[in-house]
Protein chains: 4
Amino acid sequence: MGRTRTLHAVDDDADAGSTRGRRDLEARERIMASTLKLLQERGYARLTIEGVATDAAVGKATVYRSWPNKAALVLAAVQDRLADVPTAPTGDTRAELLAVAEQAMARFYGSGEVRLVLPALLGEAAREPALLERLRTEVLEPRNARARAVVERAVARGDLPADTDVPMVLEQWAGYMLFRGLWHDDPLPEGTVERLVDATLASPPRRAVWQGK
Amino acid sequence: MGRTRTLHAVDDDADAGSTRGRRDLEARERIMASTLKLLQERGYARLTIEGVATDAAVGKATVYRSWPNKAALVLAAVQDRLADVPTAPTGDTRAELLAVAEQAMARFYGSGEVRLVLPALLGEAAREPALLERLRTEVLEPRNARARAVVERAVARGDLPADTDVPMVLEQWAGYMLFRGLWHDDPLPEGTVERLVDATLASPPRRAVWQGK
Amino acid sequence: MGRTRTLHAVDDDADAGSTRGRRDLEARERIMASTLKLLQERGYARLTIEGVATDAAVGKATVYRSWPNKAALVLAAVQDRLADVPTAPTGDTRAELLAVAEQAMARFYGSGEVRLVLPALLGEAAREPALLERLRTEVLEPRNARARAVVERAVARGDLPADTDVPMVLEQWAGYMLFRGLWHDDPLPEGTVERLVDATLASPPRRAVWQGK
Amino acid sequence: MGRTRTLHAVDDDADAGSTRGRRDLEARERIMASTLKLLQERGYARLTIEGVATDAAVGKATVYRSWPNKAALVLAAVQDRLADVPTAPTGDTRAELLAVAEQAMARFYGSGEVRLVLPALLGEAAREPALLERLRTEVLEPRNARARAVVERAVARGDLPADTDVPMVLEQWAGYMLFRGLWHDDPLPEGTVERLVDATLASPPRRAVWQGK
DNA sequence: AAGTAAACGAGACGGTACGTCGTGTCTTCCG
DNA sequence: CGGAAGACACGACGTACCGTCTCGTTTACTT
């Protein structure tokens, strides 16, 4: 499942069936590669579409034809580099949770790529609801869905109480990683993920009961 | 003796003697006000120094004379609008912790101003260590120091275990707020802060012992 | 055969094939027109490339793309407005000389356009040999060549002595006109050209004989 | 009665008694020197008052206090460097005329200083009648007056016809020199002045008779 | 000798223009 | 006919000077 490529701005058109020219596949590849390269070299703010076009030996129009602005371009380029969230059931709940927290979150929010791009994207998203929506549905939600499944499995197994607030568990973990990723250069101290997971196992957040009131 | 003149953001003051030339104090005020105003209207990315200068009825050079770039300007403008962290001891540990988490963090990371500015600033900081350093020492650290004091008081009172990892407590709280602030438009659901604080009181993170190994 | 368009700085390339891109021919026209208009209104010193661009409803880059600086722009704009030097042989030497002196020189050096532009250009040329060279080869020399032909015809006819210093004749005439044009507002007194020509016919400068020594 | 204070170049004077305040006489000297120095280095167009002030270690206001603009400043600086016109009667008309043409004109219009400054000044004068007037009365006329005296002496002696158009003689000579000075880098060919003078002695321009008609 | 007032250096101020770069659109020409 | 090349109008960049202004400081002339 899961779309391999999404591109374009908000509405990604449905160029699905139109299987047109394979010829330009190279161009697209070159653009993606140049985007990532220049992102590393200059950071989001100093990345320019002109620069990408030049570096990719491509006309500017070719870039604009596929992505309406820098955010869309960068989002597309970053999109598939994202490592997958491990969900395979191993029977060992703690191990599964650790794997999720470690590989899905620590590695994600701690990676240079994300730190270089995500804040900038979220910064723009604060002004552009469409972008925020895309980020949520295309970046956050897919990852969260798989992580959620793992935690819910732990609940089903009885390793976490039935009224565990699963989304909040994830947000607590991810929030901590994001915070560290943004505010600090250095990687997480060893053992951090374990302590996070163990704290949750010891005393997980419960769903609020008076919520409905 | 130290800095001959720095002005720039934060510390203008102090340059007592070196105040030769015209030194229009109103200009600085107008610039700060215009910066905040345009920040709201356009967001960080679309904020322009030229625009600020025009809006403030000020020469561009006057802006550049005091702040070397957009980040410094915005940082200075945002700086003092930040609400204080409440630290008054009331005797009630839970109430104190709630006050800190609520007023120092939820309100801070949830505010539109911060959401509009902080990610962008952090995004630039990923490329500019100097900026990151300033953000840490001038924004994060001052707030954290006061919050830390409150939590440490709770430890001293015995309401939290002696080996509580105080910094991590704060980072967990703040991380969650930051995460929500960045990824979601809507305010925190009611009761969230309470649940966060209570979870910490029930099972706080402990300092890692094997750290040294 | 006279070049139809010259533009650019010194070396006007011969950009034959390289005409990719939009190439708005009207833009050039508008720029030339605005340049001349603002030259009249403000004079060379107060002429601004920014002003020209604005007046011509053209981006600044479009101006800079074709002319590297104000001098080149103005030179190009003035270039073709220059009236031609009459050379048609009429059989009447005195009449031909008068025509040349009158139309090629008096009208040229006496015209407001020239007075407004030439000194400034020559002033810059004093610092920029390339500009001086262009002025000589593109403004002075073409005009002189044709005037020289007329005077040489007079020599061939025997109306002037064989050892007449033809260049000096022209420089004397032009020098006088230039002097008057620069130092005085008012037009030449009537009959001046006649007196100049007649003085030359009566006693033309001879080529120096001892020159080789 | 007009002008309350003019100072500008030439006539500073007049402020006799009112010399309260500091009055740093050296400042003026330094300004003049810096002006000439930078004029040589950069030419008129690239000379800036700011640059002069800095180079002279003087406040900008000090420059503006004495000269209202660049033209006035430069005019003042150049003013007194001008060599004198030799007028001493030697009895030998041809020698006297040669001395005038050589020293007053060839040297003047041929000098680098003049070539660097005069065209620019005249260029501005085309737009500013006041400046043209000053140039005429303070630069051209004083020199011309003395030269005229010499030529008139030649007329009185009978070495030139009584109806010689004396001003035109001077303008012819000066015009030729000016022309050469502006259009050519190289000095006058040897013997040029002699040929000019001799041509005039052989066939001087006469005053127009039919002028009144 | 103390007071006072102008001129001084320094340089901040509101501006205009510089020459460059990037944006997003549009045109031309080549393969 | 698709795409690179790049011209186009626009707008912002960061810098340099403009001419005016306000600072203290430094004379030199009153009183």
Side-chain angles (χ1 to χ4, degrees), chain A residues 20-21 23-24 26-27 46-54 56-65 67-70, chain B residues 5 7 17-28 30 46-54 56-66 68-70, chain C residues 17-28 30 46-54 56-66 68-70, chain D residues 15 17-28 30 46-54 56-66 68-70:
Chain A
R20 60 182 193 292
R23 182 167 56 259
D24 53 27
E26 269 181 60
R46 267 173 272 289
L47 178 80
T48 66
I49 294 193
E50 186 130 28
V52 170
T54 300
V58 137
K60 277 200 291 177
T62 303
V63 179
Y64 280 107
R65 208 173 294 125
W67 302 276
N69 50 52
K70 188 161 71 162
Chain B
R5 41 190 294 256
L7 32 150
S18 72
T19 318
R20 217 93 65 86
R22 206 181 331 176
R23 283 273 136 183
D24 183 349
L25 278 207
E26 280 179 47
R28 170 171 229 278
R30 291 204 308 275
R46 267 172 270 291
L47 179 78
T48 271
I49 293 194
E50 186 132 28
V52 170
T54 300
V58 139
K60 277 201 286 179
T62 301
V63 179
Y64 281 107
R65 210 173 290 126
S66 294
N69 50 53
K70 187 162 71 163
Chain C
S18 72
T19 319
R20 214 95 66 88
R22 198 160 7 158
R23 283 278 137 185
D24 183 349
L25 279 205
E26 280 178 48
R28 168 171 230 276
R30 292 205 307 275
R46 266 172 272 289
L47 178 78
T48 272
I49 293 195
E50 186 131 28
V52 170
T54 300
V58 137
K60 277 199 287 179
T62 301
V63 179
Y64 281 108
R65 208 173 292 126
S66 295
N69 50 54
K70 189 161 71 162
Chain D
D15 59 347
S18 70
T19 319
R20 208 97 65 91
R22 194 151 22 150
R23 267 298 121 184
D24 182 350
L25 278 205
E26 280 177 48
R28 172 173 228 278
R30 290 205 309 275
R46 267 172 271 290
L47 178 79
T48 65
I49 294 192
E50 186 131 28
V52 169
T54 300
V58 138
K60 280 200 289 178
T62 303
V63 179
Y64 281 106
R65 208 172 293 126
S66 295
N69 51 51
K70 187 160 74 162

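The chains referred to below are lettered A, B, ... by the order of the sequence lines, with proteins before strands, and numbering in each begins at 1. For the numbers below, each heavy atom of this structure counts, side chains included, while hydrogens, waters and symmetry mates do not.
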When you check the phosphate oxygens OP1 and OP2 of F:dA9, does a side-chain N or O of C:T62 lie under 4.0 Å from one of them?
-> yes

Euclidean distance, atom CD of residue A:E26 to atom C1' of F:dG2 [Å, nearest integer] | 15 Å

Interatomic spacing from NZ in C:K70 to OG1 in C:T48 - rounded to 0.5 Å | 6.5 Å

Give me the distances for all protein-to-nucleotides 14-17 of chain F N/O pairs that come in under 3.5 Å?
from   : atom 1 : to    : atom 2 : distance (Å)
F:dG14 : OP2    : B:Y64 : OH     : 2.3
F:dG14 : O5'    : B:Y64 : OH     : 3.3
F:dG14 : N7     : B:K60 : NZ     : 2.8
F:dG14 : O6     : B:K60 : NZ     : 2.6

Closest non-hydrogen atoms of B:N69 and B:I49, given as atom of the first, atom of the second and distance, are C-CD1, 4.1 Å

Per C:V58 side chain, nearest of listed nucleotides E:dG9, F:dA9, E:dG14 = F:dA9

Here the distance between atom P of E:dG24 and atom CH2 of A:W67, to the nearest Å, is 15 Å

Looking only at side-chain N and O atoms, does D:R28 come under 4.0 Å of OP1 or OP2 in E:dC8?
-> no

For D:A56 and D:R30, work out which heavy atoms get closest and say how close.
-> O-NE, 2.8 Å

Between the axis at one end of the helix from E:dA1-F:dT31 to E:dG31-F:dC1 and the axis at the other (five pairs apiece), what's the angle to 10 degrees?
-> 20°

